[in-house]
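Here's the structure we're looking at; comments come further down.
Sequence positions, counted from 1, serve as the residue numbers for this chain.
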Amino acid sequence: MVFDAPFSDTSQWAAGVSSAYPSSGRNSGDNKLDHLVRGYGPEGQVFAAVREDPFSWRTPLVTTENTRGGFELRPEDVLEAQCLLTATQGTWPAIWTWGRDASAGRPQPGHGEVDVFEYHADHPRMLELSNHVNPGNPAYLDGLITPGTWFTIACRFGADSVRWSIDGREVHADGRGVGAAWRAWIIVNLSVTAGQWGHLRPRPEVRRISWECRGLRVLRDDPAAPTVI
């Protein structure tokens with residue numbers, strides 16, 4: 001195990017800021033009502049978004065980017081986490097990755113992004129699994145989870161194939177992989193959908209939505225790798 005830090009560990013996790021978002025902390029172009037606020041992260045294992053106005057929600061995000069620990073995933077690492085999702089309309093939780101530039105001004109392919117999962121409450125038993133580094137067809141797999149029931153997701157970021165498992169059962173392998181040079185930070189967050197692409201925004205009376213993530217850790221085959229706990 002090379003990474004096993006609680007979200008409260010500010011040496012390993014930065015809250016409310018990511019280079020994956022514009023500097024404003026808003027990303028309406030990606031169908032999000034998110035307003036990232038520096039320092040606003042999860043409450044323990046609970047990621048809660050709070051309505052600010054009809055077009056803005058203060059949303060929680062944590063990342064290993066720009067932290068003292070500076071943890072980055074490598075090819076063949078395995079990320080595991082336990083998750084509890086709800087089918088509240090507008091909910092858009094995710095665990096994903098984002099990579100540093102390969103050189104000044106030249107980003108990694110797909111910005112190093114692999115979606116360990118994305119979830120939309122419009123399809124309450126479906127997870128979306130995708131690799132933006134070497135894109136193929138993303139997997140939209142129904143019947144994988146049950147809202148209100150804990151499940152364990154694992155993702156091996158293979159150089160030749162990214163593989164996803166739910167509760168110990170492999171559910172998808174993309175046959176594409178991330179390549180040998182891939183490096184990426186971890187992001188865990190809760191977005192709020194703005195109502196495009198068939199995903200409904202939260203109901204007007206809803207002021208708070210949430211999901212839970214616990215036990216996130218990273219395993220690495222290299223026994224000499226430095227450990228962060």
Determine whether Cys213 and Gln45 satisfy the following criterion, side-chain contact (heavy atoms from CB on, under 4.5 Å), listing intermediate values before the conclusion. CA-CA 5 Å; Cys213 179; Gln45 65 188 30; 5.8 Å; no

Thr59 side chain reached by Leu36 side chain, heavy atoms, under 4.5 Å: yes

Student check: side-chain heavy atoms of Asp77 and Trp182 closer than 4.5 Å: no

Min side-chain heavy-atom separation Tyr119-Cys83 under 4.5 Å: no

Are the side chain of Ser11 and the backbone of Arg68 linked by a donor-acceptor contact shorter than 3.5 Å? no

If the plane angle is over 60° it's perpendicular, under 30° parallel, otherwise tilted; pick one for His120 and Trp92. tilted

Sub-3.5 Å donor-acceptor pair from the side chain of Arg201 to the main-chain atoms of Ala194, do we have one? yes

Do Val188 and Trp211 have side chains that approach each other closer than 4.5 Å (heavy atoms only, starting at C-beta)? yes

Asp30 atom CG, over 12 foreign heavy atoms within 6.0 Å: yes

So, for Pro93 and Leu190, which heavy atoms are closest and what is the spacing to 0.1 Å? N-CD1, 3.7 Å

Closest approach of Arg169 and Leu144, non-hydrogen atoms and distance? NH2-CD2, 4.1 Å

If you compare all heavy atoms of Gln196 against all heavy atoms of Asn31, which two are closest, and at what distance to 0.1 Å? N-OD1, 2.9 Å

Can you tell me if Asp167 uses its side chain to pair, donor with acceptor, with the backbone of Phe151 under 3.5 Å? no

Side-chain (Asp34) to main-chain (Arg26) donor-acceptor, under 3.5 angstrom: no

Criterion side-chain contact (heavy atoms from CB on, under 4.5 Å) on Val171 and Leu127, from CA distance to verdict: CA-CA 11 Å; Val171 296; Leu127 294 181; over 6 Å; no

Quick check: does any side chain N or O of Trp96 sit under 3.5 Å from a backbone N or O of Glu113, one acting as donor and the other as acceptor? no

Check whether the ring centres of Phe71 and Trp13 lie less than 6.0 Å apart, and answer yes or no. no

So, the side chain of Tyr40 versus the backbone of Leu61: is there a donor-acceptor pair under 3.5 Å, distance only? no

Please check if Val17 and Val62 belong to a single hydrophobic cluster, counting links between Ile, Leu, Val, Met, Phe, Trp and Tyr side chain heavy atoms closer than 4.5 Å. no

Can you name the closest pair of heavy atoms from Phe7 and Gly44 and give their distance? CD1-O, 3.7 Å

Side chain to side chain contact (heavy atoms under 4.5 Å, CB included) partner of Leu141, the single match among Glu128, His172, His123, Met126: His172

Rounding to 0.5 Å, atoms CZ (Arg163) and SG (Cys155) come to a distance of 11.0 Å

Can Leu79 be reached from Val178 by stepping across I, L, V, M, F, W or Y side chains whose heavy atoms are under 4.5 Å apart? yes

Backbone N/O of Gln82 and side chain of Trp150: donor-acceptor pair under 3.5 Å: no

So does Ser210 get a backbone contact from the side chain of Thr88, meaning a donor-acceptor N/O pair under 3.5 Å? no

Using modelled atom types only, decide if a donor and an acceptor are shared between the side chain of Glu43 and the backbone of Ala48 within a distance under 3.5 Å. no

Would you please test Trp185 and Thr97 for side-chain contact (heavy atoms from CB on, under 4.5 Å) and show each step? CA-CA 5 Å; Trp185 303 294; Thr97 71; over 6 Å; no

Examine distances only and state if a side-chain atom of Thr64 and a backbone atom of Ile186 form a donor-acceptor pair shorter than 3.5 Å. yes

Could you walk me through whether Arg183 and Glu72 pass salt bridge (Lys or Arg N to Asp or Glu O under 4.0 Å), step by step? CA-CA 6 Å; Arg183 298 289 186 275; Glu72 290 183 292; 5.6 Å; no

4.5 Å side-chain heavy-atom contact, Trp98 and Thr63: no

Option passing side-chain hydrogen bond (donor to acceptor under 3.5 Å, both in side chains) with Ser130 (candidates Asn137, Asp174, Asp115): Asp115

Does some side-chain heavy atom of Gln108 sit less than 4.5 Å from a side-chain heavy atom of Val133? no

If I compare all heavy atoms of Gly177 with all of Asn131, which pair ends up nearest, and what's the gap? O-ND2, 2.9 Å

Show the numbers, then the answer: is there a salt bridge (Lys or Arg N to Asp or Glu O under 4.0 Å) between Arg125 and Asp142? CA-CA 6 Å; Arg125 293 175 55 82; Asp142 211 351; 5.3 Å; no

Heavy-atom closest pair (Pro124 atom, Ile145 atom, distance to 0.1 Å) is O-CD1, 3.4 Å

Hey, are Arg176 and Ser161 close enough side-chain-wise for a donor-acceptor pair under 3.5 Å? no

Between Thr91 and Phe47, is the side-chain contact (heavy atoms from CB on, under 4.5 Å) condition met? List the steps. CA-CA 11 Å; Thr91 305; Phe47 286 72; over 6 Å; no

Would you mind reporting whether Val116 and Ile153 have side-chain heavy atoms less than 4.5 Å apart? yes

Neighbour count above 12 (heavy atom, 6.0 Å) for Arg214 CZ: yes

